[in-house]
Amino acid sequence: AQKITQTQPGMFVQEKEAVTLDCTYDTSDQSYGLFWYKQPSSGEMIFLIYQGSYDEQNATEGRYSLNFQKARKSANLVISASQLGDSAMYFCAMEYGNKLVFGAGTILRVKS
Amino acid sequence: GAVVSQHPSRVICKSGTSVKIECRSLDFQATTMFWYRQFPKQSLMLMATSNEGSKATYEQGVEKDKFLINHASLTLSTLTVTSAHPEDSSFYICSAGAIRQPQHFGDGTRLSIL
């Protein structure tokens, strides 16, 4: 069965610094997709970044990058130059079939 | 702009009321949509997969008679919480999208049953 683990319930980061949010996964599939979503307190789910299991390069989207280590089954999100608006809940998710399974989430607080 | 619209955004109603939540894909056809439930400070839990023109597929432990799903067109899925009780109070959110592509989520519905 597919499983996503986010071991950091909460994280603090100083504004303008980088932060890494951890995500490990478990699957027996060879082909899969990994996603990161941001959920502000207002509740909407905002797509941040995607990594396919066969992608050779780590995905990047602006200030977001995904540190994909396939052998270790980890897909950590790196946010560079943190901003106050980055404070939110962050979810790692894996696609299996056409469904998404989410990790427990990490609450990120950016300090000024 | 939003590609998935969810309505209403907030519902407060009395116990025993049935509540309908709509999820619309605005600029694409969605043969499949997904309904999630989220308790405060917890993760999204998939409730069911809504299939256009056929019965929804429910996840284990989700009561299909309590949470009725209808997907009558390629752009609209509805979730009806029947005879809602306080324990049904939660945040409900829908999504739609293609495989290996980011799911587009609605803005969610906060349901409070008094």
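Chain naming here is simple, since letters A, B, ... match the order of the sequence lines and numbering starts at 1 in each.
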Inset, instruction - Report yes if the side chains of A:Leu100 and B:Phe34 come closer than 4.5 Å at any heavy-atom pair, otherwise no. - result: no
Legend entry - Residue selection (most heavy-atom pairs with chain B, distance under 4.5 Å) from A:Ala104, A:Gly52, A:Pro9, A:Gly33: A:Ala104
Inset, instruction - Mark yes when over 12 heavy atoms from residues, nucleotides or ligands other than B:Met45 sit less than 6.0 Å from its CE; otherwise mark no. - result: no
Legend entry - Hphob cluster co-occupancy, A:Met89 + B:Ile93, side-chain heavy atoms under 4.5 angstrom: yes
Legend entry - Heavy-atom proximity to chain B below 4.5 Å, by part of A:Phe47: side chain
Please tabulate the donor-acceptor pairs under 3.5 angstrom that span chain A and chain B, backbone and side chains included.
residue  : atom : partner  : partner atom : Å
A:Ser31  : O    : B:Arg100 : NH2          : 3.1
A:Ser31  : OG   : B:Arg100 : NH2          : 3.0
A:Tyr37  : OH   : B:Gln103 : N            : 2.9
A:Tyr37  : OH   : B:Gln103 : O            : 3.3
A:Gln39  : OE1  : B:Gln38  : NE2          : 2.9
A:Gln39  : NE2  : B:Gln38  : OE1          : 2.9
A:Ser41  : O    : B:Arg110 : NH2          : 3.3
A:Glu95  : OE1  : B:Arg100 : N            : 2.9
A:Glu95  : OE1  : B:Arg100 : NH1          : 2.8
A:Glu95  : OE2  : B:Arg100 : N            : 3.1
A:Lys99  : NZ   : B:Glu59  : OE2          : 2.8
A:Gly103 : O    : B:Ser43  : OG           : 2.5

Legend entry - B:Val19 reachable from B:Met33 in the ILVMFWY side-chain graph, under 4.5 Å edges: no
Legend entry - Linked, directly or transitively: B:Leu111 and B:Met47 (ILVMFWY side chains, under 4.5 Å): yes
Inset, instruction - Select one option (side chain, backbone, both, neither) describing which atoms of B:Leu44 are under 4.5 Å from chain A's heavy atoms. - result: both
Inset, instruction - Examine A:Val101 and A:Phe68 and state if one hydrophobic cluster contains both, with Ile, Leu, Val, Met, Phe, Trp and Tyr joined whenever side-chain heavy atoms are less than 4.5 Å apart. - result: yes
Inset, instruction - Determine, using the 4.5 Å side-chain heavy-atom cutoff (strictly less than), whether B:Ile21 and B:Phe67 are members of one ILVMFWY cluster. - result: yes
Inset, instruction - Sort by residue number and list every member of residues 71-80 of chain A having a non-hydrogen atom under 4.5 Å from chain B. - result: none
Inset, instruction - Sort A:Met45 into side chain, backbone, both or neither according to what part of it lies under 4.5 angstrom from a heavy atom of chain B. - result: both
